[in-house]
J.: 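Take a look at this one; I'll ask things after.
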Amino acid sequence: MKRSLAFPGGQIPLIGLGTYKLNGRDGQKAIEAALECGYRHIDTARMYENEREVGAALRTSGISREEAFVTTKIWPSDFRKVISATEDSLRNLGTDYADLLLLHWPTDTDAIKKAAEDLNEVIHKGYAKFVGVSNFNIELIDMVKDIAPIRCDQVEYHPFLSQEKLLGYLRSNDLFMTAYRPLAQGKLEGNSLLAEIGEKYGKTDAQVALRWIVQQDVVAIPKSASPERIRANIDIFDFELLPAEMEAISGLRNGTRLTTPEWSPKWD
Ligand SMILES: NC(=O)c1ccc[n+]([C@@H]2O[C@H](COP(=O)([O-])OP(=O)(O)OC[C@H]3O[C@@H](n4cnc5c(N)ncnc54)[C@H](OP(=O)(O)O)[C@@H]3O)[C@@H](O)[C@H]2O)c1
């Protein structure tokens with residue numbers, strides 16, 4: 001069963017480890033546990049202040065750099081100094097390049113345009129193989145895609161939140177979506193439909209939710225600090241949801257959006 005998503009010029013493992021709040025020794029241990037049980041995609045950001053832990057875990061794991069897919073992100077306050085911020089991230093990660101570098105949140109148009117122009121330089125210097133955005137709406141992506149060769153938008157996505165419009169737009173523009181908060185931060189737990197479907201396949205509600213995401217060719221980056229749950233979250237490639245089950249899970253949408261800082265764009 002397919003574990004990676006192909007996109008123009010590359011491919012990305014469909015499940016990655018989200019690392020927000022995985023800091024210090026315990027954080028590094030969780031990232032090592034993920035690499036040990038088969039994760040080859042780690043999602044970090046300068047803002048998480050754990051790029052060093054990610055780099056240390058990668059080195060401890062003994063996995064070659066080429067085998068791992070590492071995403072990091074530039075915070076808006078660094079949009080006018082993308083090159084030096086990226087260099088700092090690479091130093092923290094202890095690597096020559098990121099696989100994917102994202103603009104973390106949109107800010108004012110001028111700063112976005114400047115940052116997007118610099119993403120070209122990032123690629124030219126070999127600091128990142130691919131670039132993209134996070135938390136951008138269709139209007140902003142439309143603007144940025146003419147400035148830099150962005151490949152993805154990382155946004156909140158789980159069964160309680162529809163992203164139909166954005167997903168349709170991304171697909172028709174050859175961009176992929178990465179789903180953050182794919183488990184709705186634990187709020188899916190105990191959902192009777194997910195539990196009922198899970199029972200049929202011998203899976204948990206969380207595994208059914210993750211399967212529902214990746215089966216749409218959307219990448220998911222669940223976070224866990226527990227080795228058991230880390231292992232469970234990638235153990236979703238031995239079953240397939242039926243079209244009727246996919247549709248029933250889509251029907252759980254209820255507008256729950258957990259990430260709504262004051263600087264959010266107008267969501268699609
Ligand atoms: N681009 C952005 O602006 C943005 C915003 C938010 C998040 N993100 C990224 O997305 C990642 C994931 O988001 P998130 O951490 O906020 O939320 P999440 O992955 O939806 O949920 C994490 C929560 O679910 C629990 N959990 C994990 N696996 C579970 C399982 N199998 N069964 C039951 N509970 C489980 C975790 O607890 P335990 O740790 O105790 O297992 C944790 O409390 C972040 O780490 C970050 O990398 C990006």
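Because the structure is predicted, anything quoted here is derived from the model rather than measured. Whatever order the structure lists them in is the order used to number ligands and atoms, beginning at 1.
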J.: Might you check, step by step, whether the distance between atom 10 (O) of ligand 1 and some protein heavy atom is under 4.0 Å?
T.: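 Answer yes: something from the protein, a heavy atom, is under 4.0 Å.
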J.: Below 4.0 angstrom from a heavy atom of A206, which ligand 1 atoms are there? Numbered from 1 as shown, please.
T.: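 In order of numbering, the contacting atoms are 30 (C), 31 (N), 32 (N).
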J.: Can you list the ligand 1 atoms lying under 4.0 Å from a non-hydrogen atom of P222?
T.: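 Reading through ligand 1 atom by atom, the close ones are 19 (O).
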J.: Is the Y97 to Y127 ring centre distance short of 6.0 Å?
T.: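 No - the distance between ring centres of Y97 and Y127 does not fall below the 6.0 Å cut-off.
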J.: Given E51, which of T44, T72, T19 fulfils the side chain to side chain donor-acceptor pair (under 3.5 Å) condition?
T.: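 By the side chain to side chain donor-acceptor pair (under 3.5 Å) criterion, E51 pairs with just one of T44, T72, T19: T72.
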J.: Between D118 and K114, is there a salt bridge with N-O shorter than 4.0 Å?
T.: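 Yes, K114 and D118 are salt-bridged.
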J.: How close does the nearest protein non-hydrogen atom get to atom 34 (N) of ligand 1, and which residue and atom is it?
T.: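 It is R229 CD, 3.7 Å.
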J.: Show the atoms of ligand 1 that are less than 4.0 angstrom away from any heavy atom in N135.
T.: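 Atoms satisfying the 4.0 Å criterion: 1 (N), 2 (C), 3 (O).
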J.: Look only at interatomic distance and state if T259 has a nitrogen or oxygen under 3.5 Å from any nitrogen or oxygen of ligand 1.
T.: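 The answer is no, given that T259 and ligand 1 share no N or O pair closer than 3.5 Å.
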J.: What protein heavy atom sits nearest atom 24 (O) of ligand 1, and how far away is it?
T.: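 It is G186 N, 3.8 Å.
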J.: At a non-hydrogen distance cut-off of under 4.0 Å, which region of A184 contacts ligand 1 (side chain, backbone, both, or neither)?
T.: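 The backbone, only.
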J.: Please say whether E189 places an N or O atom under 3.5 Å from an N or O atom belonging to ligand 1.
T.: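 N/O-N/O distance below 3.5 Å does not exist for this pair.
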J.: Do the side chains of E139 and K266 get close enough for a salt bridge, i.e. N-O under 4.0 angstrom?
T.: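 No, no charged N to carboxylate O under 4.0 Å.
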J.: Tell me whether A232 reaches ligand 1 (any heavy atom closer than 4.0 angstrom to a ligand atom).
T.: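 A232 does not count as a contact of ligand 1 under the 4.0 Å cut-off.
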J.: Considering only NZ, NE, NH1 and NH2 on the basic side and carboxylate oxygens on the acidic side, decide whether D96 and R91 come within less than 4.0 Å.
T.: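 Not counted as a salt bridge, because no side-chain N and carboxylate O are separated by less than 4.0 Å.
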J.: Which protein non-hydrogen atom lies closest to atom 13 (O) of ligand 1, naming both residue and atom, and how far is it?
T.: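 The closest heavy atom on the protein side is R181 N, 3.3 Å.
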J.: Starting from atom 12 (C) of ligand 1, what is the nearest protein heavy atom, named by residue and atom, and what distance separates them?
T.: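 Minimum-distance protein heavy atom for atom 12 (C) of ligand 1 reads I221 O, 3.2 Å.
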J.: Between R151 and D174, does any side-chain N to carboxylate O distance fall below 4.0 Å?
T.: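 Answer for the salt bridge query: no.
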J.: Contact between K113 and I147 at the side-chain level, heavy atoms closer than 4.5 Å - yes or no?
T.: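 Yes. Closest side-chain heavy atoms under 4.5 Å.
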J.: Please tell me whether W212 and Y157 form a close aromatic pair, meaning their ring centres lie under 6.0 Å apart.
T.: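 Between Y157 and W212, which both carry aromatic rings, the centre distance is below 6.0 Å.
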J.: Could you tell me whether L183 and ligand 1 have an N or O pair separated by under 3.5 Å?
T.: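 In this structure, L183 places an N or O atom under 3.5 Å from an N or O of ligand 1.
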J.: So for ligand 1, is N233 a polar contact partner (N or O within less than 3.5 Å, distance only)?
T.: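 Yes, at least one N or O pair falls under 3.5 Å.
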J.: Mark up the atoms of ligand 1 that fall under 4.0 Å of a heavy atom belonging to H104, in ascending order.
T.: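 Those atoms are 1 (N), 2 (C), 3 (O).
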J.: Which option out of H158, K21, Q185 puts a heavy atom nearest to atom 23 (C) of ligand 1?
T.: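 Result: the heavy atom closest to atom 23 (C) of ligand 1 is in Q185.
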J.: Quick one: do K29 and D26 make a salt bridge, cutoff under 4.0 Å?
T.: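 Result for this pair is no, no salt bridge flagged.
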J.: Identify, for atom 19 (O) of ligand 1, the protein heavy atom at the shortest distance, and state residue, atom and that distance.
T.: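 Nearest protein contact, heavy atoms only, for atom 19 (O) of ligand 1 is K223 N, 2.9 Å.
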J.: Which residue from Y20, Y180, Y48 reaches closest to atom 6 (C) of ligand 1 through any of its heavy atoms?
T.: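 Answer by nearest heavy atom: Y180.
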J.: Walk me through it: do D268 and Q163 pass the test side chain to side chain donor-acceptor pair (under 3.5 Å)?
T.: CA-CA 8 Å; D268 296 299; Q163 287 287 15; over 6 Å; no
J.: May I ask you to check if ligand 1 and A225 share an N or O to N or O distance below 3.5 Å?
T.: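 Yes.
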J.: Thinking salt bridges, do E67 and R40 make one under a 4.0 Å N-O criterion?
T.: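 So E67 pairs with R40 through a salt bridge.
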J.: Compute the ring centroids of F7 and F130, then answer whether they are less than 6.0 Å apart.
T.: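 Under 6.0 Å, so yes.
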J.: So which protein heavy atom does atom 47 (O) of ligand 1 come closest to, and at what separation?
T.: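 Going atom by atom, the protein heavy atom closest to atom 47 (O) of ligand 1 ends up being D43 OD2, 2.8 Å.
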